[in-house]
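Following: one structure in structure tokens, then a few remarks.
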Amino acid sequence: MGILGAGPVTQAIHLPSLARLRDILEVRHIMDVDPAVAESVAARVGARFSTSVEELLADPAVEIVAICSPHQFHAVQVIAACRAGKKAVLCEKPFAMNGEEAAAIAAISAETGVPIVVGAMHTFDPGWLAAESAWGGLPDQVHTIRSSIVLPPNPRFEDFATEIVGRTPPPAAATAGANAAASGAAADAAEKAKLTGGVIGLAIHDLPLVRRFAPDFRAVEVLHAQTVLPFGYVISLRAGSVAIELRAAMNGTWEPSWTFEAIGDDASLSIDFTPSYVHAGSATARIRTAASTTVLGPFGHNGYEGEWRKLAELARGTGTAPHPETLIHDLEFALAIADAAAACVDAGAAYEEARA
Ligand SMILES: NC(=O)c1ccc[n+]([C@@H]2O[C@H](COP(=O)([O-])OP(=O)(O)OC[C@H]3O[C@@H](n4cnc5c(N)ncnc54)[C@H](O)[C@@H]3O)[C@@H](O)[C@H]2O)c1
């Protein structure tokens with residue numbers, strides 16, 4: 001396989017996962033626009049390196065392509081990998097920045113027959129998959145969903161995992177207190193960007209899970225949306241008749257926690273996920289009814305390893321590829337929440353102006 005983009009996610013998440021899967025997958029080529037990063041990361045796994053997408057795609061040793069570059073390059077690189085006739089493509093989330101890009105990807109996947117996996121790792125976590133097989137009619141009765149993420153900032157986990165080369169410093173606007181220093185329209189724009197970034201960058205991990213319990217996913221109404229310092233959000237919304245709470249805080253926590261709950265009239269599901277970047281087995285799921293609690297997991301591997309195993313299966317021509325329509329709907333749901341959350345900032349500003 002070959003990897004486009006060799007930043008912290010490739011170095012701290014994917015290469016450690018792939019190191020455990022050498023019997024089925026081998027990294028042959030690493031590309032990054034920064035030659036020093038490409039060379040150093042490729043050397044760790046004895047792969048070729050380059051700074052050009054075309055060169056990696058033309059390499060006959062590369063059968064599977066993983067796209068781990070920044071968001072804005074994902075769609076064009078997924079499309080190029082499909083056109084290059086590769087056997088399967090993994091794209092980090094979000095796989096596209098808007099509905100048009102997502103539709104173009106679905107079309108190329110259908111035309112070329114190249115299966116695409118999006119790196120929403122929890123959808124490949126054996127704990128989630130076991131819950132899905134066991135929950136029976138739960139989705140029909142769920143009225144409330146909570147996704148709650150409390151994590152240290154990514155660099156802390158990255159540094160536990162490996163020695164990162166070429167880390168990009170965070171933009172000034174992402175630092176604590178930057179909003180407080182800005183005022184008026186600039187502060188509103190910063191708040192909107194942080195909300196949108198929070199949904200598209202972090203909440204998006206579990207929105208495919210939320211959507212399984214919110215069939216009316218197009219009827220999104222955001223009731224409340226606010227950022228949390230230094231990074232995070234509190235968003236309360238409705239999708240049809242289902243109430244959804246999305247919370248995240250990235251701070252100096254010593255106790256990471258990533259939970260998902262779907263609560264119905266007389267049954268519920270709660271899942272504790274291992275934090276992102278952590279390679280310590282799968283999530284543990286609990287399905288509760290009045291009569292019993294079923295505990296599923298933890299299993300031996302996590303969702304990152306799950307997505308690579310799926311990819312290897314697809315490249316061998318076995319296994320079922322995720323349906324492109326599912327991927328598009330997941331993205332539409334995330335974009336609708338991000339837009340509606342940002343619109344809440346406008347509504348708040350208009351209210352303050354009217355009051356003044
Ligand atoms: N699954 C997860 O748990 C998880 C966690 C964090 C981030 N991510 C996603 O992974 C992706 C990468 O994240 P990161 O933190 O490593 O990002 P990053 O921006 O820090 O690093 C990306 C790397 O891509 C390189 N790059 C820039 N332009 C490129 C191009 N056109 N083609 C190829 N490479 C290019 C950069 O030089 C850098 O080395 C993002 O899409 C992000 O959303 C996933």
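Whatever order the structure lists them in is the order used to number ligands and atoms, beginning at 1.
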Please compare G5, G201, P70, A38 and report which has the shortest non-hydrogen distance to atom 22 (C) of ligand 1.
P70
Geometry only, no angles: is E158 polar-contacting ligand 1 at N/O separations under 3.5 Å?
no
Can any side-chain N or O of S270 pair as donor or acceptor with the backbone N or O of E261 at less than 3.5 Å?
no
Considering only protein heavy atoms, which is closest to atom 17 (O) of ligand 1, and at what distance to one decimal place?
P8 CD, 4.4 Å
If hydrogens are left out, which of V53, V9, I200, I164 has an atom nearest to atom 4 (C) of ligand 1, that is, the closest non-hydrogen atom?
V9
Whether the E92 and H14 side chains hold a donor-acceptor pair (N or O, under 3.5 Å, no angle test) is what I'd like checked.
yes
Side chains of K86 and V62, heavy atoms from C-beta outward: is any pair under 4.5 Å?
yes
For D34 and ligand 1, does the shortest N/O to N/O distance drop below 3.5 Å?
no
Is the shortest side-chain heavy-atom distance between P35 and V37 below 4.5 Å?
no
Counting both backbone and side chain atoms, is some N or O of F73 under 3.5 Å from an N or O of ligand 1?
no
Under 4.0 Å from any heavy atom of Y277, which atoms of ligand 1 are there?
5 (C), 6 (C)
Which atoms of ligand 1 have any heavy atom of M121 under 4.0 Å away?
1 (N), 3 (O)
Students should be able to answer this: which protein heavy-atom is nearest to atom 21 (O) of ligand 1, and at what distance?
G7 CA, 3.7 Å
Numbered atoms of ligand 1 (with element) below 4.0 Å of H74, judged on heavy atoms:
41 (O)
Within the 4.0 Å heavy-atom shell around C68, which atoms of ligand 1 are there?
11 (C), 12 (C), 22 (C)
Under-4.0 Å heavy-atom contact with ligand 1, by part of T10 that carries it:
neither
For atom 37 (O) of ligand 1, find the nearest protein heavy atom and state the residue, atom name and distance (0.1 Å precision).
D32 OD1, 2.7 Å
Enumerated ligand 1 atoms positioned under 4.0 Å from heavy atoms of M31
32 (N), 33 (C)
Residue R247 excluded, over 12 heavy atoms near CZ under 6.0 Å
no
Output yes when a side-chain donor or acceptor of Y277 lies under 3.5 Å from a complementary backbone atom of D159, and no otherwise.
no
If I apply the N/O under 3.5 Å rule, does E92 come out as touching ligand 1?
yes
Please list, in number order, the atoms of ligand 1 under 4.0 Å from a heavy atom of Q77.
30 (C), 31 (N), 32 (N), 33 (C)
Looking at E63 and R28, is there a salt bridge between them, counting it only when a charged N and a carboxylate O are closer than 4.0 Å?
no
Protein contact of atom 11 (C) of ligand 1 - nearest heavy atom, named by residue and atom, plus distance:
S69 O, 3.7 Å
Heteroatom proximity flag, P94 to ligand 1, N/O under 3.5 Å
no
For E163, I'd like to know if atom CD has over 12 heavy atoms of other residues, nucleotides or ligands within 6.0 Å.
no
I'd like to check whether H71 has a polar contact with ligand 1, where a contact means an N/O of the residue lying under 3.5 Å from an N/O of the ligand.
yes
Under 4.0 Å from any heavy atom of K93, which atoms of ligand 1 are there?
7 (C), 8 (N), 9 (C), 41 (O), 42 (C), 43 (O), 44 (C)
Do T51 and D32 come close enough that some side-chain heavy atom pair is under 4.5 Å?
no
